[in-house]
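Here the structure is laid out as structure tokens; the discussion comes afterwards.
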Amino acid sequence: MAKLNIGDQAPDFSLPNQDGSEVSLGNYRGKQHVVLYFYPKNETPGCTKEACGFRDSYEDFMEAGAEVIGVSADSVSSHKAFQTNRRLPFQLLSDRGGEVRKKYGVSGSLMGLLPGRETFLIDKEGTVQMKFSSQFQIDEHIQSALTKLKGL
């Protein structure tokens, strides 16, 4: 699994969102920055904290010209329930086979028992401007992305 680095072109993908509609990274090219965050599992304590942190800062991301998109291996129906339960204003994408996770080089953590938690800021041209990986510094994912975004 190749690691994606700052300055690399972000791999394009198409995945179903919480409503079953296909979402492609390419749809945002030339229009909006994207904060793409990979997380382990819906409704777990850390993932709920992270999603709610992005929710609470969502207007700041939008004002800075970015869309927030969450990705995990959970099903479309699980994403729909999580989005509804937590009032998430952004899309959650279902990467059931982990192919997009692999394209982005997001590895597992805790001896491979959990999927990794990693956030990427992708600019309008599709270039990775920031990446942050930490299973436990959950608030840093949001703050790092917002700080970098405001500097673009």
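Quick note: residue numbers are just sequence positions, from 1.
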Item to check | For the student: nearest non-hydrogen atoms of Ala64 and Leu149, plus distance | outcome: CB-CD2, 3.4 Å
Checklist entry - Can you hop from Phe90 to Leu36 via hydrophobic side chains spaced under 4.5 Å? => result no
Next on the checklist: Do Val106 and Leu4 land in one hydrophobic cluster if side-chain heavy atoms of ILVMFWY residues count as linked below 4.5 Å?
Outcome noted: yes
Next on the checklist: Taking ring pair (Phe, Tyr, Trp, His ring centres under 6.0 Å) as the criterion, tell me which of Tyr37, Phe120, Phe136, Phe132 meets it with His141.
Outcome noted: Phe132
Checklist entry - Is the closest side-chain heavy-atom distance between Met62 and Gln32 below 4.5 Å? => result yes
Next on the checklist: According to ring pair (Phe, Tyr, Trp, His ring centres under 6.0 Å), who are the partners of Phe61, at least two apart in sequence or on a separate chain?
Outcome noted: Phe54
Checklist entry - Should Arg55 and Arg87 count as side-chain neighbours, where that means a heavy-atom distance under 4.5 Å? => result yes
Checklist entry - What is the distance from atom CD1 of Ile138 to atom SG of Cys52, rounded to the nearest 0.5 Å? => result 11.0 Å
Checklist outcome for this item: Closest non-hydrogen contact found for Pro40 with Cys47 is CD-SG, 3.3 Å
Next on the checklist: Counting C-beta onward and ignoring hydrogens, is there a side-chain heavy-atom pair between Ile122 and Leu25 closer than 4.5 Å?
Outcome noted: yes
Next on the checklist: Among residues at least two apart in sequence or on other chains, which ones pass ring pair (Phe, Tyr, Trp, His ring centres under 6.0 Å) with His33?
Outcome noted: none
Checklist outcome for this item: In this structure, OG of Ser72 is separated from CZ of Phe82 (nearest 0.5 Å) by 8.0 Å
Checklist outcome for this item: Value for NZ (Lys148) from CG (Leu152), rounded to nearest 0.5 Å, stands at 6.0 Å
Item to check | Same apolar cluster (I L V M F W Y, side chains within < 4.5 Å links), Leu146/Val68 | outcome: yes
Item to check | Sequence-distant partners of Thr127, side-chain contact (heavy atoms from CB on, under 4.5 Å), two or more places apart | outcome: Gln9, Asp123, Glu125, Gln129
Next on the checklist: Please check this pair: side chain of Gln18 against backbone of Val76, looking for a donor-acceptor N/O pair closer than 3.5 Å.
Outcome noted: no
Item to check | Partner residues of Lys41 under the salt bridge (charged side-chain N to carboxylate O under 4.0 Å, His left out) criterion, sequence neighbours left out | outcome: Asp74
Next on the checklist: Taking Val100 as the starting point, is it possible to reach Val34 by hopping between hydrophobic residues whose side chains are less than 4.5 Å apart?
Outcome noted: yes
Next on the checklist: How long is the straight-line distance from CD of Glu63 back to OG of Ser57, given to the nearest 0.5 Å?
Outcome noted: 11.0 Å
Checklist entry - Would a distance-only check, ignoring hydrogens and angles, find a side-chain to backbone donor-acceptor pair under 3.5 Å from Asp8 to Asn5? => result yes
Checklist entry - Taking atom OG of Ser134 and atom CD of Glu50, what is their separation to the nearest 0.5 Å? => result 9.5 Å
Checklist entry - Can you list the steps and then say if Val23 with Leu15 is a side chain to side chain contact (heavy atoms under 4.5 Å, CB included)? => result CA-CA 5 Å; Val23 174; Leu15 291 172; 5.9 Å; no
Next on the checklist: Please enumerate all residues that pass salt bridge (charged side-chain N to carboxylate O under 4.0 Å, His left out) together with Glu43, with sequence neighbours excluded.
Outcome noted: Arg86
Next on the checklist: My understanding is that only residues two or more places apart in sequence, or in another chain, count here; which of them pass side chain to side chain donor-acceptor pair (under 3.5 Å) with Lys80?
Outcome noted: Asp19
Checklist entry - Ion pair present between Asp12 and Arg29, side-chain N to carboxylate O less than 4.0 angstrom? => result no
Checklist entry - Between Asp95 (side chain) and Ala73 (backbone), is there a donor-acceptor pair under 3.5 Å? => result no
Next on the checklist: I need the Phe13 CZ to Lys103 NZ distance, nearest 0.5 Å.
Outcome noted: 8.5 Å
Next on the checklist: Has Ser24 got a side-chain atom pairing as donor or acceptor with Asn27's backbone, closer than 3.5 angstrom?
Outcome noted: no
Checklist entry - Hey, any chance Val128 and Val71 share a hydrophobic cluster, counting ILVMFWY side chains that come within less than 4.5 Å of each other, even indirectly? => result yes
Checklist outcome for this item: Taking every heavy atom of Ala145 against every heavy atom of Leu121, the minimum-distance pair comes out as O-CD2, 4.1 Å
Checklist entry - Do side-chain atoms of Lys131 reach the backbone of Ile6 as a donor and acceptor pair under 3.5 angstrom? => result no
Next on the checklist: Do Glu67 and Tyr58 pair up side chain to side chain, a donor and an acceptor below 3.5 Å, judged on atom types alone?
Outcome noted: yes
Item to check | Distance-minimising heavy-atom pair for Ala66 and Val35 | outcome: CB-CG2, 4.2 Å
Item to check | Validation row: Tyr39, Thr119 side chains within 4.5 angstrom (heavy atoms) | outcome: no
Checklist entry - Any side-chain heavy atom of Arg117 sitting closer than 4.5 Å to one from Ser133? => result no
Checklist entry - Do Asn42 and His79 get their side chains close enough for a donor-acceptor pair, meaning under 3.5 Å? => result yes
Next on the checklist: Within the 4.5 Å heavy-atom criterion, are Tyr104 and Pro11 side-chain neighbours or not?
Outcome noted: yes
